[in-house]
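A short worksheet on the structure shown next.
All of these numbers come straight from a predicted model, not from anything done at the bench.
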Amino acid sequence: MIQPFEPLKPIYLQRLIKMNKKFLVSQSYSRGYDHFDDIHRVDILVTDYDDLNYAKVHYNAVKNDKYASIIYLDRPEHLNKLEEMISGDKYAVYWSVVKSSEDLKKRLDDHYSENVKRYIEKNTTWRIKSGSTIHPRFEVIFGELFLIIKYNSQTLRVKFEEIERI
């Protein structure tokens with residue numbers, strides 16, 4: 001399972017505030033689970049927004065999640081709680097920013113290209129000519145990792161977990 005996101009560090013919080021991205025939406029994050037870790041933490045993903053309305057749209061999409069909330073970085077009680085979560089042992093908090101798009105692309109090409117082909121064969125009517133190359137790309141929507149696959153004039157948006165499972 002690919003875990004592409006950056007662990008949230010205290011230094012990032014001040015940078016987000018300076019960039020006026022003072023709204024974070026939190027949610028559960030299953031990709032953060034490390035099977036080899038001795039300490040099992042609650043994995044949380046946060047996504048930053050500079051517009052409260054966009055944060056509310058994201059929140060409404062995940063509001064049934066146990067860990068869904070809107071965190072206001074300009075409210076000391078929210079900022080202090082988040083700093084406590086980051087520095088403690090109970091939570092592993094990730095920021096929905098990809099560490100390295102090149103590394104992510106390489107891992108997709110090296111480990112999932114056959115899965116992508118099988119998914120296309122099984123779920124589309126596309127007949128891809130031999131020698132043709134498809135260049136899928138990742139996109140994050142409401143904290144969920146999607147794969148965007150284009151062929152000719154057609155576009156497919158697939159949850160990446162579907163590609164992993166096939």
Check [X] against [Y] and note the closest heavy-atom contact, atom names and distance.
X: Leu45; Y: Ser96; answer: CD1-N, 3.7 Å
X: Arg157; Y: Glu139; answer: NH2-OE2, 3.3 Å
X: Arg107; Y: Gln3; answer: NH2-N, 3.6 Å
X: Gln27; Y: Gly143; answer: OE1-CA, 3.9 Å

- Query: Angle class for the Tyr29/Phe5 ring planes (parallel below 30°, perpendicular above 60°, tilted otherwise)?
  - Reply: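 Tilted: the ring planes of Tyr29 and Phe5 meet at 30° to 60°.
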- Hey, can you tell me if Phe160 and Phe138 have their rings parallel, tilted or perpendicular (30° and 60° cut-offs)? perpendicular
- Salt-bridge present (Glu162, Arg165; N to O < 4.0 Å):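 Answer for the salt bridge query: no.
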- Query: Does the distance from a Lys or Arg side-chain N to an Asp or Glu carboxylate O, for Glu102 and Lys105, drop under 4.0 Å?
  - Reply: no
- Task: Could you go through the side-chain contact (heavy atoms from CB on, under 4.5 Å) check for Trp126 and Leu156 one step at a time?
- Result: CA-CA 11 Å; Trp126 299 356; Leu156 199 62; 3.9 Å; yes
Same cluster for [X] and [Y] if Ile/Leu/Val/Met/Phe/Trp/Tyr side chains link at under 4.5 Å?
X: Leu79; Y: Tyr72; result: no
X: Phe146; Y: Ile149; result: no
X: Leu52; Y: Val46; result: no
X: Ile44; Y: Leu13; result: yes
X: Ile148; Y: Ile166; result: no

Mark yes or no for whether [X], through its side chain, and [Y], through its backbone, hold a donor-acceptor pair below 3.5 Å.
X: Ser26; Y: Ser69; value: yes
X: Asn152; Y: Gln154; value: no
X: Asn115; Y: Ile163; value: yes

- Go through the steps to decide whether Leu16 and Trp95 satisfy the test side-chain contact (heavy atoms from CB on, under 4.5 Å), and finish with yes or no. CA-CA 11 Å; Leu16 286 167; Trp95 179 23; 3.7 Å; yes
- Task: Start with the C-alpha gap between Arg41 and Tyr91, add the side-chain angles, then the distance that decides, and say whether side-chain contact (heavy atoms from CB on, under 4.5 Å) holds.
- Result: CA-CA 5 Å; Arg41 299 178 177 169; Tyr91 299 96; 5.7 Å; no
- Task: Indicate whether the side chain of Tyr12 and that of Glu6 have a donor and an acceptor atom separated by less than 3.5 Å.
- Result: yes
Side-chain heavy atoms of [X] within contact of [Y], under 4.5 Å:
X: Phe142; Y: Val25; answer: no
X: Tyr59; Y: Tyr49; answer: no
X: Asp74; Y: Ile17; answer: no
X: Leu73; Y: Ile71; answer: yes
X: Tyr151; Y: Thr124; answer: no
X: Lys117; Y: Ile120; answer: no
X: His111; Y: Ile2; answer: no
X: Val140; Y: Thr47; answer: no

- Message: Heavy-atom count check: over 12 atoms from other residues, nucleotides or ligands less than 6.0 Å from Lys56 NZ?
- Response: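 Count not over threshold, so no.
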Spatial distance of atom [atom1] ([X]) from atom [atom2] ([Y]) [nearest 0.5 Å]:
X: Ser113; Y: Arg118; atom1: OG; atom2: CZ; result: 9.0 Å
X: Lys90; Y: Met85; atom1: NZ; atom2: CE; result: 8.5 Å
X: Glu83; Y: Asn80; atom1: CD; atom2: CG; result: 6.0 Å
X: His58; Y: Phe23; atom1: NE2; atom2: CZ; result: 15.0 Å
X: Leu108; Y: Arg137; atom1: CG; atom2: CZ; result: 12.5 Å
X: Lys159; Y: Glu164; atom1: NZ; atom2: CD; result: 12.0 Å

- Task: Could you walk me through whether Val158 and Asn123 pass side-chain contact (heavy atoms from CB on, under 4.5 Å), step by step?
- Result: CA-CA 11 Å; Val158 183; Asn123 296 290; over 6 Å; no
